[in-house]
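Some notes on the structure that comes next.
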Amino acid sequence: MVRVSGSPDNSVPTRLRVEGVVCRRGERPLFAPVTFSLAAGAAAWLRGANGHGKTTLLRTLAGLSSPDAGSVSWADGVVRPLYLAHANGLKDDLPARDALRFLLGLDGVPDDAAAADRALAAVQMTQRRALPIRALSQGQRRRVALARLAAQQAPRTWLLDEPFDSLDADGTAMLAAMLAAHAARGGSVVLTSHVPLAIATLAPSTVDLQAPTAT
């Protein structure tokens with residue numbers, strides 16, 4: 001069974017339950033059965049070696065694929081999670097502001113140029129909002145993608161695949177503060193990261209994906 005550290009707060013309603021989930025690539029299970037729960041205002045850090053299924057599990061939590069065994073259940077009334085993939089999902093030929101507005105539309109955010117500008121300001125991209133995505137560095141593209149989070153006010157669940165990738169020290173601190181603020185207003189987070197997490201006021205539980213038992 002997967003190893004989970006960190007004690008859940010039983011006084012806070014559970015938002016997500018993952019029970020004995022297994023995902024396969026072909027006939028091969030990617031990890032041993034996974035069981036954990038997530039409450040409002042909490043975070044879970046998925047850890048494991050490359051190729052052990054962290055991204056596959058995140059996509060399963062997002063509803064983009066189904067588990068091969070076990071179950072994923074969300075509490076009644078929970079708004080669908082926001083999934084931010086490892087790839088930024090930005091259209092190269094669009095200006096940064098327009099690329100963000102397209103993604104915000106997919107997230108259910110009303111089309112509002114002012115809201116997009118505020119989100120870009122939050123990730124320190126105001127001065128580059130008119131530049132096409134192809135003209136931005138990898139770190140700047142990541143900031144534009146992360147502006148999707150800055151535009152969110154509802155305390156929904158964020159599913160984030162390597163969100164710290166390509167960020168410099170300032171960007172890392174910015175994202176850590178954003179995650180802490182999201183949790184403080186009742187949002188929850190499941191994320192993968194190959195770098196140690198240091199997030200003020202937020203201590204994620206760790207979910208270590210284990211290799212499946214050989215048969």
Side-chain angles (χ1 to χ4, degrees), residues 2 4-23 31 33-48 53-67 70-89 100 103-110 115 119 122-123 142 145-165 174-193 197 199-209:
V2 70
V4 181
S5 69
S7 299
D9 184 349
N10 294 325
S11 68
V12 179
T14 297
R15 180 167 289 173
L16 166 68
R17 290 188 186 278
V18 177
E19 298 280 353
V21 164
V22 173
C23 298
F31 44 75
V34 175
T35 296
F36 70 94
S37 61
L38 185 72
W45 177 13
L46 302 183
R47 305 192 303 185
K54 299 185 299 296
T55 293
T56 300
L57 180 54
L58 273 183
R59 288 177 54 84
T60 300
L61 300 183
L64 299 176
S65 59
S66 299
S71 64
V72 174
S73 57
W74 295 89
D76 291 342
V78 171
V79 178
R80 69 179 178 86
L82 187 156
Y83 173 56
L84 197 155
H86 192 209
N88 293 319
L100 174 61
L103 292 179
L104 293 181
L106 298 180
D107 294 338
V109 177
V123 296
R142 196 56 174 166
L146 292 170
R148 293 173 62 189
L149 307 181
Q152 299 292 322
Q153 297 301 317
R156 66 200 295 187
T157 300
W158 294 350
L159 307 175
L160 310 179
D161 195 355
E162 297 293 343
F164 291 94
D165 267 14
M174 172 202 72
L175 177 55
M178 193 183 300
L179 296 177
H182 179 61
R185 62 176 176 258
S188 51
V189 181
V190 182
L191 78 162
T192 68
S193 178
L197 297 180
I199 304 174
T201 72
L202 181 63
S205 61
T206 56
V207 180
D208 292 312
L209 301 187

- Query: Quick one: CZ on R148 to CG on L104, what's the gap to the nearest 0.5 Å?
  - Reply: 7.5 Å

- Item | Side chain to side chain, M178 and V123, heavy atoms closer than 4.5 Å | yes

- Working to the nearest 0.5 Å, report the span between OG1 of T192 and CZ of R47. 12.5 Å

- Query: Quick one: CG on L46 to OG on S193, what's the gap to the nearest 0.5 Å?
  - Reply: 11.0 Å

- Note on the structure: In this structure, CG of L149 is separated from CH2 of W158 (nearest 0.5 Å) by 4.5 Å

- Note on the structure: In terms of heavy-atom contacts, R185 and P155 come closest through O-CB, 3.4 Å

- Query: Counting only heavy atoms not in R17, do more than 12 sit closer than 6.0 Å to its CZ atom?
  - Reply: no

- Judged by atom type as modelled, is there a donor-acceptor pair below 3.5 Å linking the side chain of T35 to the main-chain atoms of G20? yes

- Would you say T157 and L159 make side-chain contact, with heavy atoms under 4.5 Å? yes

- Close side-chain approach of V207 and K54, heavy atoms under 4.5 Å: no

- Message: Within the 4.5 Å heavy-atom criterion, are P204 and L197 side-chain neighbours or not?
- Response: yes

- Closest approach of A145 to L84 (non-hydrogen atoms, all atoms of both residues): O-CD1, 3.6 Å

- Item | Side chain proximity check, Y83 to L61, heavy atoms < 4.5 angstrom | no

- Starting at CG of D161, measure out to CG of L57 and round the result to the nearest 0.5 Å. 10.5 Å

- Task: Write down the atom of C23, the atom of T56, and the distance for their closest heavy-atom approach.
- Result: CB-CG2, 3.7 Å

- For A176 and F164, the nearest pair of non-hydrogen atoms, with its separation, is N-CE2, 4.1 Å

- Rounded distance [0.5 Å steps], CG in L175 versus CG in L160: 7.5 Å

- Query: Counting N and O atoms only, with roles assigned by atom type, does the side chain of H182 sit under 3.5 Å from a partner on the main chain of R156, one being a donor and the other an acceptor?
  - Reply: yes

- Closest heavy-atom contact between L202 and A183? CD1-CB, 3.9 Å

- Tightest non-hydrogen contact, residues P67 and V21, listed as CB-CG1, 3.9 Å

- Going by heavy atoms in the side chains, are L146 and P163 under 4.5 Å from each other? yes

